[in-house]
Amino acid sequence: MKLKYKIALVGVVAAAGAAAFLLGGKAGTDATIPTFTALEGPLTIGISSSGSVQSRDKVILRSELEGRNTILYIVDDGVNVKAGDLLVEFDSATLVEKRNDQEITVNTAQGNLIIAEEKLEVTKGDCEANLLEREVALTLAKMALEKYEKGDFPQERRQKEADIALANEEMQRAAEKLEWSQKLAKEGFLTRTELQADELALSRKQIDLEMARTKMNVLTNYTVHQERAKCETELRKATRALARVKWQNKSQIRQGETEIVQRSHEYYRATNRLAELEFQISKSKIFAPTNGVVLYAATARRRWWENPLAAGESAVQRQELIYIPLDEGLIVEIMVPESSLSKLETGIMANVKVDAFPDRTFLARLTKIGILPDAQSARLNPDLKMFKCELECDFGDAVVRPGMSCDVELVKETYDKVVYCPIQCVTRIDGVPYVYVQDGSEWTPRKVETGLDNNRMIHIVKGLKPGEVVMLAPPVKEDKSDASDQKNSPEKPQAGKPQTDKKSKRPKAQ
């Protein structure tokens, strides 16, 4: 109980001291109106922020394993390591099993590829044999047509012509013999039977001649066209069969080549997957690429929502695990709110106090201002835009390590002797800054010209003198929704004592 009373007493004393500073040590005639006496003296315009010391260059070690993997071993945070030392080992049993299954897949794909290549060679041989057979058939069909037109048909025609000539000669002989037989029969030298036999012989020879002529007619008008048509038909069949075999051969070879391409892609994909699994297994152990101090990424980033690395925890692919700072130099990182960016420009100086060295102040220079808001800060509070800035700092002989906390004061401008007052003393009406200055028992609005502020005090360039008492909480435009003539235009400041609200007894808006 006594401890609680002491803490409460300290809080009351601290609050009273803060109020005394804000009130400037003097109050106006109305004790309910907080005031501040304008001061003249040195004023520093800058931005104060907390930050951390980071290495300018560092080696970032990430998990390169697919998916989420369990950590079997991890080196302790802050340990000095040498190049080649084991830092992290992941559970790779699943990857090894996948690698073994993939080896079977690779062997199967390779066998299918070999079979497809041999099958293509067999297909090419069959196609070549079929093509040769059809080419021979086409050649024979051409030869058969030529043989009939130039050989068989002329020979048969000459044979028929010879048969006609022979039959005609025999018929003439039979006619001459019959003529002599008729003369001899009239003289009584031949009998009637012998004469009839000669007449019968003449009739036979005439029939033979007529038959020979008929055969000639059949040959020239029918047989030759029939045989030529048969030969030409066989020739067309052989030609079409050859063309069909060529297309079939092309199709079969293309099909075989397509199968080889498909099997090649399967084998290529399987071998790539096997190589990737081999690579994954090789990355299940992370070794130190250089000498240095191990810093856990979660510790260096100081994010409270990140679980610390430990054996048994899991990590996802591309997750940052360990930082190894290099010895090229250190920088200071700070987060600056969006409202303060207008006061920043690269090259301005800053004072840095490291928590580990509270009695020393280090000089730094702003070198980088973030272009985009910090994503992590936006995730925590979307309405708060914080920009990461970097400063180069000369720590001299101090043994400063990455990850140490520090306080940074960026100095925009420094004045030796200027008039200033708290920023809440200034109110803007129609974009013009005003302060309420005490004039006896009344408050008079006065137009002033302001400079920069340091989030606490604002530089009064013109319009206010040191020692003048200003209202610490000046009135603002009253929101009267029922007054149509005051909806869009602010009320101009009026001289005199500000109106007060009956309930709160605070200055009422003019």
Side-chain angles (χ1 to χ4, degrees), residues 50-102 276-335 354-357 374-382 384 386 388 390 395 399-407:
S50 59
S52 62
V53 179
Q54 299 294 338
S55 177
R56 184 194 306 275
D57 296 317
K58 56 181 176 288
V59 177
I60 302 176
L61 301 178
R62 297 180 174 87
S63 172
E64 298 186 23
L65 299 182
E66 295 178 349
R68 183 177 292 273
N69 299 273
T70 304
I71 299 175
L72 297 180
Y73 166 79
I74 186 168
V75 68
D76 294 335
D77 193 8
V79 174
N80 284 303
V81 295
K82 296 181 179 179
D85 290 348
L86 178 63
L87 302 182
V88 182
E89 181 179 0
F90 291 96
D91 184 8
S92 60
T94 303
L95 292 174
V96 172
E97 184 177 357
K98 289 182 179 179
R99 191 266 311 274
N100 296 336
D101 294 340
Q102 192 62 28
E276 184 179 355
L277 289 173
E278 294 285 0
F279 175 79
Q280 292 283 316
I281 293 174
S282 67
K283 293 300 180 180
S284 62
K285 293 182 179 180
I286 301 177
F287 299 93
T290 183
N291 301 338
V293 179
V294 172
L295 293 178
Y296 289 172
T299 304
R301 290 193 296 261
R302 299 188 300 176
R303 297 172 181 169
W304 57 267
W305 64 86
E306 291 191 25
N307 295 327
L309 294 177
E313 296 291 336
S314 59
V316 297
Q317 188 178 14
R318 308 305 300 166
Q319 178 180 342
E320 295 181 355
L321 303 176
I322 290 176
Y323 296 159
I324 300 181
L326 303 178
D327 298 332
E328 279 73 7
L330 299 174
I331 60 173
V332 175
E333 290 184 355
I334 61 172
M335 290 291 181
V354 182
D355 294 352
F357 304 94
D374 182 64
Q376 300 296 336
S377 301
R379 187 179 296 115
L380 294 177
N381 186 359
L384 180 62
M386 303 293 291
K388 181 183 291 186
E390 295 181 2
F395 294 105
V399 183
V400 180
R401 298 182 178 180
M404 287 186 173
S405 300
C406 61
D407 294 325

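Excluded from the calculations below are hydrogen atoms, water molecules and symmetry mates; all remaining heavy atoms, backbone and side chain alike, are included.
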Report task. Using only heavy-atom distances, determine whether the side chains of Gln54 and Ser52 contain a donor-acceptor pair under 3.5 Å. Result -> yes
Report task. Enter the distance from Ile322:CD1 to Leu87:CG here, rounded to the nearest 0.5 Å. Result -> 5.0 Å
Report task. Check step by step if side chain to side chain contact (heavy atoms under 4.5 Å, CB included) holds for Val294 and Tyr323. Result -> CA-CA 6 Å; Val294 172; Tyr323 296 159; over 6 Å; no
Query - Closest non-hydrogen atom pair, Leu277 against Gln102 - result: CD1-CB, 3.7 Å
Query raised in the report: Quick check: does any side chain N or O of Asp77 sit under 3.5 Å from a backbone N or O of Tyr296, one acting as donor and the other as acceptor?
Result: yes
Requested in this report: Taking all heavy atoms of Met404 and all of Val399, pick out the closest pair and write down the distance.
Outcome: CE-O, 4.0 Å
Query - Audit row: Glu64, Arg318, side chain to side chain contact (heavy atoms under 4.5 Å, CB included) steps and yes/no - result: CA-CA 6 Å; Glu64 298 186 23; Arg318 308 305 300 166; 4.3 Å; yes
**Report entry** Test item: Asn80 side-chain N/O and Lys82 main-chain N/O as donor-acceptor pair under 3.5 Å
**Finding:** no
**Report entry** Nearest non-hydrogen partners of Leu86 and Val88, listed with the distance
**Finding:** CD1-O, 3.6 Å
Query - Pairwise distance CD(Glu313) to CG(Leu321) - rounded to 0.5 angstrom - result: 12.0 Å
Report task. For side chain to side chain contact (heavy atoms under 4.5 Å, CB included), just list the numbers for Lys283 and Leu65, CA-CA rounded to whole Å, side-chain angles, deciding distance to a tenth of an Å, and then say yes or no. Result -> CA-CA 7 Å; Lys283 293 300 180 180; Leu65 299 182; 4.1 Å; yes
Report summary line: dist Ser63:OG -> Asn69:CG (nearest 0.5 Å) comes out at 6.0 Å
Requested in this report: Would you check if Cys406 and Val332 make a side-chain contact, meaning some heavy-atom pair closer than 4.5 Å?
Outcome: yes
Query raised in the report: NZ of Lys58: more than 12 outside heavy atoms within 6.0 angstrom?
Result: yes
Query raised in the report: Step by step, would you call Gln319 with Arg62 a side chain to side chain contact (heavy atoms under 4.5 Å, CB included)?
Result: CA-CA 5 Å; Gln319 178 180 342; Arg62 297 180 174 87; over 6 Å; no
Query raised in the report: Any sub-3.5 Å donor-acceptor pair from Asp374's side-chain atoms to Lys388's backbone N or O?
Result: no
Query raised in the report: Do Gln280 side-chain atoms and Glu66 backbone N/O form a donor-acceptor pair below 3.5 Å?
Result: yes
Report summary line: Closest non-hydrogen atoms of Ile324 and Gly292, given as atom of the first, atom of the second and distance, are CG2-CA, 3.8 Å
Query raised in the report: What pair of heavy atoms forms the shortest contact from Pro289 to Val59, and how long is it?
Result: CG-CG1, 3.6 Å
Query raised in the report: In Å and rounded to the nearest 0.5 Å, what is the OG1 to CD1 distance from Thr94 to Ile281?
Result: 10.5 Å
**Report entry** Distance (rounded to the nearest 0.5 Å) between Ile286 CD1 and Asp85 CG
**Finding:** 14.0 Å
Query - Heavy-atom pair of closest approach, residues Asn291 and Ala83 - result: OD1-N, 2.7 Å
Query raised in the report: Say you draw a straight line from CZ of Phe90 to CG of Leu95; how long is it, rounded to the nearest 0.5 Å?
Result: 11.0 Å
